[in-house]
Structures are given as C-alpha cells and as structure tokens.
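The model shown is predicted, which means the values in this text are computed figures rather than measured ones. In what follows, chains carry the letters A, B, and so on, assigned in the order in which the sequence lines appear, proteins first and then strands, with residues in each chain numbered from 1.
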There are 2 protein chains.
Amino acid sequence: MSTSPNISCANCRISELCLPFSLSNSELNLLDEIIKRKKPIQKNQTLFKIGDTLSGLYAIRSGTFKSYIENAQGEHQVTGFHLPGDVIGFDALADKTHPGTTQALETAMVCEIPYDVLDQLSNQIPRLKMQIMSLMSAELNYNQRHLLSINQESAAQKLARFLVKFGDRLAERQLSSKEFQLPMTRTDLGNYLGLTVETVSRLLSRFQQNQWITLDKKFVTIIDHSALLQLTD
Amino acid sequence: MSTSPNISCANCRISELCLPFSLSNSELNLLDEIIKRKKPIQKNQTLFKIGDTLSGLYAIRSGTFKSYIENAQGEHQVTGFHLPGDVIGFDALADKTHPGTTQALETAMVCEIPYDVLDQLSNQIPRLKMQIMSLMSAELNYNQRHLLSINQESAAQKLARFLVKFGDRLAERQLSSKEFQLPMTRTDLGNYLGLTVETVSRLLSRFQQNQWITLDKKFVTIIDHSALLQLTD
DNA sequence: CGTTGCATTGAGCGATGTCAAAGCCTGTGG
DNA sequence: CCACAGGCTTTGACATCGCTCAATGCAACG
C-alpha cells in the first residue's frame with residue numbers, strides 16, 4: 001500500500017499512528033471527509049511559518065520535517081523533528097498563530113485537518129477530542145524528557161540518546177531502528193541538542209572509532225546499541 | 001475577597017486566570033458543581049507523585065509549586081514552577097498517569113477538576129474544551145521558549161531572563177514584578193535552568209554588585225530592570 | 001544550643017565552544 | 001559532461017565558561 005494522495009483514512013497505513021484510537025467506520029468516514037490531502041511539499045519548503053495564522057493541524061504521511069522558533073536576533077532553535085504519523089501544529093492552538101516554522105527536510109506528503117471543522121467534529125466524536133488532548137499531553141512529556149537530557153547530560157550522552165530515540169521512533173513505524181538516514185544536517189542536530197556542529201561531528205567520529213556506529217554521510221548504522229544505551233544511564 | 005475554601009468559581013478572583021474565557025453564568029455554575037476544593041497543602045507536601053493515576057487537573061488558588069521528573073538514577077529535573085491561577089496536570093492526560101511529581105513550595109490551596117467529569121462537561125461546554133486545549137498549547141509554547149533559553153544563552157542570560165519572566169508572571173496576577181519572593185531554593189532554580197547551585201549563587205551576587213537587584217535571602221528587588229532585559233537580547 | 005539544610009565564596013580544571021582551514025558533495029550552468 | 005560555487009562536514013589548536021571539590025557561613029528549628 002502506498003501513501004498516494006487519494007487514499008482514505010480507513011485505508012491509510014499510518015492512521016493508527018496519527019490518530020491511534022479505535023474509531024468506528026462511520027467515525028472514520030466522517031474524519032475522512034474533512035481531511036484535505038495536500039500536494040507534495042518539496043525539500044526545504046515550509047509547511048507554515050512563524051506568525052502564520054493557524055489553518056489546521058497536519059498529519060505527516062511521508063517525509064520528515066523540522067520545526068524551529070526564533071529569538072529576537074533571528075537565531076533559530078530547533079524544537080523538534082517530525083516523522084510520518086506525527087501530527088503537528090498543536091502549539092498554534094493557543095493564539096491561533098504558529099509560534100514557529102516547520103520545514104520539510106525531504107519531499108513530504110501531509111494531510112491537513114482544518115481547524116474549524118476539527119473543532120466541530122471533536123464535539124461529535126468525543127474520542128477524537130480525547131485523542132487530540134492525548135497527543136498534546138504526549139508532546140508535553142516528550143519535551144520534559146528532552147529538557148532533562150539537555151540540562152543534565154554530557155554532549156556524548158545527549159547525542160547517544162538522540163540516536164537511540166530516533167531509532168525507537170522509526171521502529172514504531174515498522175522501520176529499522178538500527179539503520180537509517182538522519183534527515184537533518186549536523187547543524188540542525190546540534191542546535192536541537194544544544195551543541196555546536198563541531199561537537200556533533202567530533203562525537204559522531206568518536207562513536208564510529210569506538211565501533212558503536214558506522215557512518216556514511218547521513219546514513220547511520222547502529223552496531224553496538226547497548227554501548228549507546230549504557231552511556232545514557 | 002479571600003481565597004477561602006468555599007468560594008464559588010463565579011466569585012473566585014483568579015477564575016479569569018485559571019479558566020480565562022467568557023463562560024455564561026449557567027456554564028460557570030455547571031463548572032462550579034464539579035470542582036472539588038481541597039484542603040490546604042502544606043509546604044513540601046506533594047499534590048501528586050510520579051506514577052500516580054490521574055485523578056484530575058488542579059487549579060492553583062494560592063501558593064506555589066514545583067514540578068519535576070526523574071531520570072533512571074532518580075536525579076530530578078525541575079520542569080516548572082507554578083503560580084496561583086495556573087492549571088497543572090495536562091502532562092498526565094496521555095497515559096492517565098502523572099509523569100512527574102508536583103510539590104508545594106509553601107502552603108497552598110488548589111481546586112481539583114476531576115478528570116472524568118471534566119471529560120463529560122467539555123462535551124457540554126465546547127468553549128471549555130477549547131480552553132483546555134489552549135492552555136496546553138500555551139504550555140507547549142512556554143516550554144519551547146525555555147528550551148531556546150537553555151540551549152543558547154549564557155548562565156547570566158538564563159538567570160536574568162528567569163527573573164524578568166517570573167516578575168512578568170507575577171504582574172499578570174496583579175502582584176509586583178519588581179519585588180517578590182523566590183519561593184524555590186537556589187538548587188531548584190539551578191536545576192530548572194541547567195546550572196549548578198554555585199553558579200546561581202555567584203550570579204545573584206554579581207547582579208547585586210552591579211546594582212541590578214538587591215537580595216535578602218529569597219526576597220528579590222529588581223532595581224535595574226532594563227539591565228537585565230538588555231542582557232537577554 | 002546543636003543539628004541540619006541551604007547559601008556563599010574560592011581555587012582549579014576540563015568539557016565544550018570559538019576560530020580557522022581544508023575537504024567533500026551536490027547541484028547548476030556552460 | 002565538466003567546472004565551479006556554495007553549503008555542509010571534518011579536523012585541529014586554543015580559550016573559556018561553568019562545573020567540581022572544598023570550606024565556611026548562616027538561619028531555622030527541634
């Protein structure tokens with residue numbers, strides 16, 4: 001089954017990721033009607049920008065994205081990387097405006113869930129409302145864990161944890177947790193982890209020397225998973 | 001008007017903070033019926049602990065709290081400080097279990113909004129549902145900004161920003177943004193900001209030497225607000 | 001009045017940032 | 001198809017900010 005533009009929610013292979021709750025067929029069909037399938041988004045194109053009015057939430061069908069906010073001087077802070085099945089845009093619900101920019105790291109497909117219709121529909125389908133709250137809650141949790149890592153771990157620990165977690169997220173999507181592409185640049189990765197590019201590069205080299213991973217540009221193979229894990233706790 | 005245990009939502013002086021949306025009187029009365037007013041929570045007592053089953057959300061009527069999560073070794077990461085009017089517990093919605101502990105920093109009063117009733121009521125009052133999502137979204141935003149500060153700013157910048165922001169949050173509550181108690185220990189503050197106690201202590205001393213603040217134990221007076229602001233951008 | 005937790009201050013060091021240079025891809029246009 | 005430009009990555013030398021370790025001070029409380 002492909003992720004072609006015209007597939008329905010009921011048949012979408014990532015529906016259990018983006019809205020992983022047991023909706024009835026009739027509920028799924030309701031949802032299906034409101035979802036807009038957008039045309040492909042090319043690498044480096046933005047899905048929305050800082051200050052854009054909230055149009056809707058987005059479920060990623062394929063491809064990966066990064067999100068970032070800016071400080072007063074226009075410097076970026078990468079706030080997350082998003083994979084197929086992720087739903088993004090929750091941070092815009094508060095003031096109906098996106099606080100950050102979300103940009104494709106490779107060609108991607110998304111479904112838009114228009115905000116106003118979602119609002120109505122979540123009244124008709126209580127489970128949908130709960131599901132959205134649950135996703136937002138999970139994001140809060142994820143960010144808390146990230147803060148813990150950022151604040152308390154060494155550069156090597158942060159990077160090792162990132163690699164393992166990224167693999168875990170891929171595994172949830174039936175992909176290999178041990179062999180994968182890192183879709184982001186070293187700079188983006190360093191920015192996310194609070195490290196400089198140079199540190200990221202040096203550490204990746206060291207991990208490779210230690211025979212913990214192999215590296216071919218953006219392609220990572222985790223050889224010694226337990227060594228990485230051990231570093232993180 | 002006091003924050004006595006038996007006051008109704010309609011008359012609560014912080015209702016526009018904890019649920020700052022225009023509910024009709026009948027809606028307010030509905031909300032009023034479900035809210036449990038808890039007995040006072042003493043300093044160092046916990047409101048809930050890591051792993052506790054979600055009972056409900058909590059609106060703080062008076063007092064302050066800190067929240068923290070733990071890593072595998074039991075080390076704490078302070079994830080936030082909560083003031084009157086804040087609603088906490090959203091991070092437990094995902095798996096109906098609190099991922100962290102919330103502890104009173106001084107004697108406090110809270111209202112509990114039982115989860116199951118909230119769930120039902122949010123179906124009857126769509127605006128309540130939106131309000132909750134909005135609060136969660138705002139928390140996501142706040143955490144993103146915190147990450148930016150943690151990752152990109154120097155120790156002095158982080159601390160200066162914290163002092164200004166804390167003052168701002170007090171101002172939103174009609175309290176002085178320039179003269180206030182820091183309810184947390186230096187250790188908690190350092191932990192939150194990703195700094196050691198010693199660094200926090202040294203910086204506070206330096207800020208005082210620079211005539212930017214005065215310090216008397218936990219009581220802070222901001223003398224040169226603009227100097228602190230300037231440091232942060 | 002002793003104990004205990006919290007805060008302050010100093011000295012020294014090390015992890016990570018900064019600065020610099022070179023190499024390597026990728027995409028583009030001739 | 002090749003040459004070039006620009007961006008990304010790697011590696012090295014060096015500097016420094018904030019951490020670690022240690023000691024002292026201070027206040028609250030039993």
Side-chain angles (χ1 to χ4, degrees), chain A residues 42-45 66 68 75-78 81 103-107 149-163 181-210 213-220 231-232, chain B residues 42-44 66 68 75-78 103-107 149-163 181-210 213-220 231-232:
Chain A
Q42 299 302 319
K43 180 171 175 175
N44 294 329
Q45 278 187 333
K66 70 168 175 181
Y68 60 86
E75 294 161 339
H76 292 184
Q77 171 62 49
V78 174
F81 301 108
Q103 186 176 22
L105 296 173
E106 57 195 314
T107 306
S149 174
I150 294 304
N151 264 356
Q152 310 202 341
E153 297 186 321
S154 69
Q157 287 174 317
K158 290 195 265 189
L159 186 57
R161 184 178 298 282
F162 177 83
L163 291 174
Q181 293 276 144
L182 286 176
M184 73 294 288
T185 65
R186 307 281 195 263
T187 304
D188 285 339
L189 184 46
N191 184 292
Y192 179 63
L193 296 176
L195 303 171
T196 58
V197 207
E198 294 94 327
T199 300
V200 171
S201 181
R202 272 187 260 270
L203 286 173
L204 286 175
S205 300
R206 212 175 80 199
F207 286 2
Q208 197 169 19
Q209 279 172 23
N210 295 354
I213 64 173
T214 61
L215 256 184
D216 179 22
K217 316 211 179 298
K218 292 186 178 302
F219 191 80
V220 179
L231 193 62
T232 65
Chain B
Q42 299 302 320
K43 179 170 176 173
N44 294 330
K66 71 168 174 181
Y68 60 86
E75 294 161 340
H76 292 185
Q77 172 61 50
V78 175
Q103 187 176 22
L105 297 173
E106 58 195 313
T107 306
S149 174
I150 295 303
N151 263 357
Q152 310 202 342
E153 297 186 321
S154 69
Q157 287 174 316
K158 290 196 264 189
L159 186 59
R161 184 178 298 282
F162 176 84
L163 291 174
Q181 291 278 141
L182 286 176
M184 73 293 289
T185 65
R186 305 284 195 262
T187 303
D188 286 338
L189 184 47
N191 184 292
Y192 179 63
L193 296 176
L195 303 171
T196 58
V197 208
E198 294 94 326
T199 299
V200 171
S201 182
R202 272 187 260 270
L203 286 173
L204 287 175
S205 299
R206 212 176 79 200
F207 286 2
Q208 197 169 19
Q209 278 171 24
N210 294 354
I213 65 172
T214 61
L215 257 184
D216 180 22
K217 316 214 178 295
K218 292 186 177 303
F219 191 80
V220 178
L231 193 63
T232 65

* Does any N or O donor sit under 3.5 Å from an N or O acceptor when you compare the side chain of B/R206 with the base of C/dT8? -> no

* Asked: Quick one: is C/dC6 close enough that its OP1 or OP2 comes under 4.0 Å of any side-chain N or O from B/T187?
  -> no

* Asked: In whole Å, what is the span from the NZ atom of A/K43 to the P atom of C/dG27?
  -> 7 Å

* Protein-nucleotide distance (B/L193, atom CG; D/dC17, atom C1'), rounded to Å -> 16 Å

* Touch check for B/S201, heavy atoms < 4.0 angstrom, all strands: base, sugar-phosphate only, or nothing? -> base

* Just compare C/dA20, D/dG18, D/dC19 and give me whichever is closest to any side-chain atom of B/T196. => D/dC19

* Nearest-angstrom distance from the residue atom CZ of B/R202 to C1' of D/dA23 -> 13 Å

* Structure fact -> B/E198 CD to C/dA11 C1', in whole Å, measures 13 Å

* May I have the distance from A/N151 (atom CG) to D/dG18 (atom P), rounded to whole angstrom? => 13 Å

* Audit row: B/K218, B/T185, side chain to side chain contact (heavy atoms under 4.5 Å, CB included) steps and yes/no -> CA-CA 8 Å; B/K218 292 186 177 303; B/T185 65; 4.3 Å; yes

* Contact class for B/G194 vs. all strands (heavy atom < 4.0 Å): base, sugar-phosphate, or nothing? -> sugar-phosphate

* To do: Starting from P on C/dG17, measure out to CD on A/E75 and report it in whole angstrom.
  => 15 Å

* For A/F81 and A/L182, what are the C-alpha separation, side-chain angles and deciding distance, and is it a side chain to side chain contact (heavy atoms under 4.5 Å, CB included)? -> CA-CA 10 Å; A/F81 301 108; A/L182 286 176; over 6 Å; no

* Asked: Tell me: CD of A/Q152 to P of D/dT20, nearest whole Å?
  -> 11 Å

* Could you tell me whether the side chain of B/Q157 and the main chain of B/T232 form a donor-acceptor pair under 3.5 Å? => no

* Look at the side-chain N and O atoms of B/T199 and state whether any lies under 4.0 Å from the OP1 or OP2 oxygen of D/dG18. => no

* Identify which nucleotide among C/dT16, C/dA7, D/dC19 has an atom closest to any side-chain atom of B/T185, counting heavy atoms from C-beta outward. => C/dA7

* Name of the residue among B/Q103, B/K66, B/H76 meeting side-chain hydrogen bond (donor to acceptor under 3.5 Å, both in side chains) with B/D188 -> B/K66

* Can you name the nearest heavy-atom pair linking A/Y192 to A/I150, along with the distance? -> O-CD1, 3.9 Å

* Asked: Base, sugar-phosphate, or nothing: which does B/L204 touch, judged by heavy atoms less than 4.0 Å apart?
  -> nothing

* Think B/K217 has a side-chain N or O under 4.0 angstrom from the OP1 or OP2 of D/dA27? -> yes

* Structure fact -> Rounded to whole Å, CG of A/L182 lies from C1' of D/dC8 at a distance of 14 Å

* Please state whether the base of C/dG5 and the side chain of B/R186 form at least one donor-acceptor pair under 3.5 Å? => no

* Which part of the nucleic acid does B/K218 contact within heavy-atom distance under 4.0 Å: base, sugar-phosphate only, or nothing? -> sugar-phosphate

